[in-house]
S.K.: 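Dropping a structure here in structure tokens format, bear with me for questions.
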Amino acid sequence: METRNTIRVNFVKVPSDLKELVSKVPGNSRFSERHGHLLDLVTSGFEEEMMSVLFQFFDPEHHCFTFPDYQLVPTMEEFSDMLHIPIGNQLPFTGLENIPKPEVIAAALHLKKSEIEGNWETRSGVKGFLAKFLIDKARLFSDSMSYHAFEDILAFLIYGLVLFPNPDQFIDVHAIKIFLTRNPVPTLLGDILHSLHTCTMKKRGTLMCCIPLLSRWFISHLPRSVMRNDQGQKWHRRIMSLSHSDIRWCSLSKENVIIIDRCGQYPNVPLLDDPQSHRQKFIRAWDMVNRIDSKSLGPKNSIPLEAYLRCVCTRAQRFVMPYPHVKPVIVEPEYEEDVPQVIFHPDMPTDLEELKRSWIQLKEERDIFEAQFRAKEKKVLELTKQLQDE
């Protein structure tokens with residue numbers, strides 16, 4: 001089976017100083033109420049091998065992750081839910097905003113205007129702060145038990161070092177603007193997709209985006225058996241053993257979600273692009289956001305239509321997978337009460353119980369799909385008969 005070369009990519013790690021500050025957050029803290037679940041991104045981190053393998057599947061043409069028979073792409077609603085930060089109604093970050101005044105930044109960080117002005121630096125033509133200045137301030141606030149100020153600076157540091165990282169622990173003015181608007185989710189999605197696309201096209205580089213969030217999103221779609229990894233497999237083998245029926249497509253607890261259906265003339269969400277003409281169109285579109293209740297879309301169904309499945313498989317063949325795809329063969333039994341027989345490929349150890357459960361789940365989904373089809377077919381026949389009688 002043909003495979004393509006894998007791409008070597010680097011990641012920005014969460015600074016140890018930031019982890020130390022997070023450990024100082026008191027147990028009765030109200031940090032999450034004011035700043036969302038940002039602390040989780042620091043404490044959970046990410047598994048570098050998993051993210052390196054996931055990166056190999058990024059499809060720069062379709063701007064998603066393409067696997068042998070399914071595709072995955074993060075959404076703003078998923079990021080918003082994970083971070084516990086709502087998607088604001090105001091225009092998200094565009095890059096055209098004015099630089100905040102020193103007194104505005106000082107008020108947000110509980111510092112003096114003179115401290116902001118005295119530590120304002122320029123790196124590669126971009127203004128901002130060195131993280132060390134703010135880390136030292138956070139430690140002082142923590143030691144003096146000024147926890148409200150400490151937590152606000154800590155949140156600011158997470159924006160600049162984890163959500164929107166820069167080399168050399170420099171917090172640039174763009175991260176500052178996003179922190180002040182408290183609407184980071186749209187920019188996070190665009191920033192992650194842009195970084196993935198850039199490194200894929202260059203076939204090298206460092207992913208300068210929020211890798212801990214991308215990691216948590218990917219894990220949320222993986223079956224528990226993959227995370228347990230009882231067989232001790234490498235990540236590429238774990239991922240290449242999955243099919244669309246194994247993926248956890250959506251949470252059953254999320255029965256009612258408000259989603260962005262379109263922005264102006266654009267279906268779904270337009271993310272900002274570099275060309276100035278596109279940017280202005282996208283900015284105008286964000287003034288016409290249309291949100292809908294997910295219930296209006298009908299019942300959830302994770303079974304792919306045959307046409308879509310064929311399309312994805314064809315794309316995967318053209319895209320060429322980075323690792324060989326070896327799947328076990330499941331033979332359906334003659335009688336329903338029998339246990340399915342599984343023939344393993346000798347190079348691919350697999351959890352038998354997990355395969356049995358997957359087979360049963362697929363059979364149940366098939367039965368539900370057939371029942372829905374028969375019900376709709378019956379309804380069509382009834383309506384046809386009514387029209388003929390009239």
Side-chain angles (χ1 to χ4, degrees), residues 1-16 18-19 41-42 44-68 70-75 78-79 82 123-124 126 131 158-172 174-175 184 187-222 226-227 229 233-242 247 271-274 315-316 318-325:
M1 180 181 294
E2 181 186 2
T3 59
R4 57 181 166 79
N5 294 332
T6 57
I7 304 172
R8 184 178 179 82
V9 66
N10 301 313
F11 304 96
V12 178
K13 295 186 172 69
V14 177
S16 57
L18 193 59
K19 294 179 181 179
L41 299 179
V42 178
S44 61
F46 60 92
E47 196 170 333
E48 192 164 324
E49 182 196 347
M50 181 188 77
M51 297 311 297
S52 179
V53 171
L54 174 63
F55 170 78
Q56 309 303 325
F57 292 92
F58 186 74
D59 187 337
E61 183 178 324
H62 289 190
H63 300 98
C64 68
F65 296 97
T66 294
F67 300 92
Y70 65 96
Q71 292 174 312
L72 283 175
V73 65
T75 66
E78 287 178 298
F79 281 1
M82 288 177 181
R123 293 290 178 92
S124 301
V126 180
I158 294 175
Y159 268 70
L161 298 177
V162 181
L163 297 188
F164 306 102
N166 260 309
D168 305 322
Q169 295 196 29
F170 181 73
I171 301 175
D172 68 34
H174 303 308
T187 314
L188 274 170
L189 179 58
D191 196 50
I192 286 174
L193 292 177
H194 174 75
S195 187
L196 288 166
H197 181 85
T198 301
C199 286
T200 303
M201 297 306 292
K202 290 183 177 179
K203 299 189 181 302
R204 60 183 174 80
T206 299
L207 282 172
M208 301 301 299
C209 61
C210 189
I211 296 300
L213 179 59
L214 185 62
S215 170
R216 291 190 67 198
W217 164 78
F218 184 52
I219 288 173
S220 73
H221 289 285
L222 295 178
V226 170
M227 299 308 301
N229 192 25
Q233 293 181 323
K234 294 284 189 180
W235 267 107
H236 72 275
R237 296 187 69 83
R238 283 190 255 177
I239 292 175
M240 288 304 288
S241 67
L242 297 175
I247 299 300
L271 299 174
L272 298 183
D273 200 355
D274 286 334
R315 173 58 189 159
R318 285 182 52 224
F319 185 46
V320 183
M321 292 293 97
Y323 308 101
H325 185 207

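As the structure is a prediction and not an experimental result, all values here were calculated from the model.
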S.K.: Can you list everything that forms a side chain to side chain donor-acceptor pair (under 3.5 Å) with E78? Sequence neighbours excluded, please.
M.R.: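 With sequence neighbours excluded, E78 shows a side chain to side chain donor-acceptor pair (under 3.5 Å) to T75, W217, H221, given in chain and number order.
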S.K.: Side chains of Q56 and I7, heavy atoms from C-beta outward: is any pair under 4.5 Å?
M.R.: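 Side-chain contact under 4.5 Å: yes.
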S.K.: Considering non-hydrogen atoms only, spot the tightest contact between P165 and V162 and give its length.
M.R.: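 Scanning both residues completely, I find the closest heavy atoms to be CD-O, 3.5 Å.
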S.K.: Return the minimal non-hydrogen interatomic distance between N166 and F170, and the atom names on each side.
M.R.: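 Nearest pair, atom of N166 first, then F170: CB-O, 3.1 Å.
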S.K.: Return the minimal non-hydrogen interatomic distance between I239 and Y70, and the atom names on each side.
M.R.: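 Between these two residues, the closest heavy atoms are O-OH, 4.4 Å.
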S.K.: Are the ring centres of F65 and F218 closer than 6.0 Å?
M.R.: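 F65 vs F218: aromatic centres not under 6.0 Å.
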S.K.: Are R238 and M50 close enough that some pair of their side-chain heavy atoms sits under 4.5 Å apart?
M.R.: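 No, their side chains stay 4.5 Å or more apart.
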S.K.: Counting only pairs under 3.5 Å, give me each side-chain donor-acceptor contact of residues 195-215, with atom names and distances, residues two or more places apart or in other chains.
M.R.:
from	atom 1	to	atom 2	distance (Å)
S195	OG	M208	N	3.1
T198	OG1	H194	O	2.9
T200	OG1	L196	O	2.6

S.K.: Using a 4.5 Å cut-off on heavy atoms from C-beta on, say whether the side chain of F164 contacts that of H174.
M.R.: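 Side chain of H174 against side chain of F164, heavy atoms only: no contact under 4.5 Å found.
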S.K.: On a heavy-atom basis, which atom in C64 and which in Q71 lie closest, and how many Å separate them?
M.R.: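 Looks like SG-NE2, 3.7 Å.
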S.K.: Please report the C-alpha distance between T6 and F55 in whole Å, then the side-chain angles of each, then the deciding distance to 0.1 Å, and finally whether the side chain to side chain contact (heavy atoms under 4.5 Å, CB included) criterion is met.
M.R.: CA-CA 9 Å; T6 57; F55 170 78; over 6 Å; no
S.K.: Compare all side-chain heavy atoms of F46 with those of R216 and state whether any distance is below 4.5 angstrom.
M.R.: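 Side chain of F46 against side chain of R216, heavy atoms only: no contact under 4.5 Å found.
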S.K.: Heavy-atom distance under 4.5 Å between the side chains of L163 and T187, does that happen here?
M.R.: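 No, every pair of side-chain atoms sits at 4.5 Å or beyond.
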S.K.: If we ignore hydrogens and angles and just use 3.5 Å, is the side chain of R237 paired with the main-chain N or O of Y323 as donor and acceptor?
M.R.: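 No: the side chain of R237 does not pair with the backbone of Y323.
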S.K.: Determine whether E47 and W235 make a side-chain contact, defined as any pair of heavy atoms from C-beta on separated by less than 4.5 Å.
M.R.: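 Contact flag for E47/W235 side chains = yes.
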S.K.: Considering non-hydrogen atoms only, spot the tightest contact between F319 and D59 and give its length.
M.R.: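 Taking every non-hydrogen atom into account, CZ-CA, 3.7 Å.
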S.K.: Look up atom CE in M321 and atom CE in M240, then write down how far apart they are to the nearest 0.5 Å.
M.R.: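 It is 6.5 Å, given to the nearest 0.5 Å.
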S.K.: Does any non-hydrogen side-chain atom of F79 lie less than 4.5 Å from one of I192?
M.R.: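 Yes - at least one pair of side-chain heavy atoms lies under 4.5 Å apart.
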S.K.: Hey, mind stepping through V42 and L161 against side chain to side chain contact (heavy atoms under 4.5 Å, CB included) and telling me if it holds?
M.R.: CA-CA 10 Å; V42 178; L161 298 177; over 6 Å; no
S.K.: Taking the side chain as C-beta and beyond, is there a heavy-atom pair between H63 and V73 under 4.5 Å?
M.R.: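 Contact flag for H63/V73 side chains = no.
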S.K.: Nearest 0.5 Å, please: how far is CG in L222 from CE in M227?
M.R.: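 Those atoms lie 6.5 Å apart.
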S.K.: Would you say that more than 12 heavy atoms from the other residues, nucleotides or ligands in this model lie under 6.0 Å from the CZ of R4, or not?
M.R.: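 Enclosed: over 12 neighbouring heavy atoms sit under 6.0 Å from CZ of R4.
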S.K.: In chain order, what residues pass the salt bridge (Lys or Arg N to Asp or Glu O under 4.0 Å) check against R123, with sequence neighbours excluded?
M.R.: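 E121.
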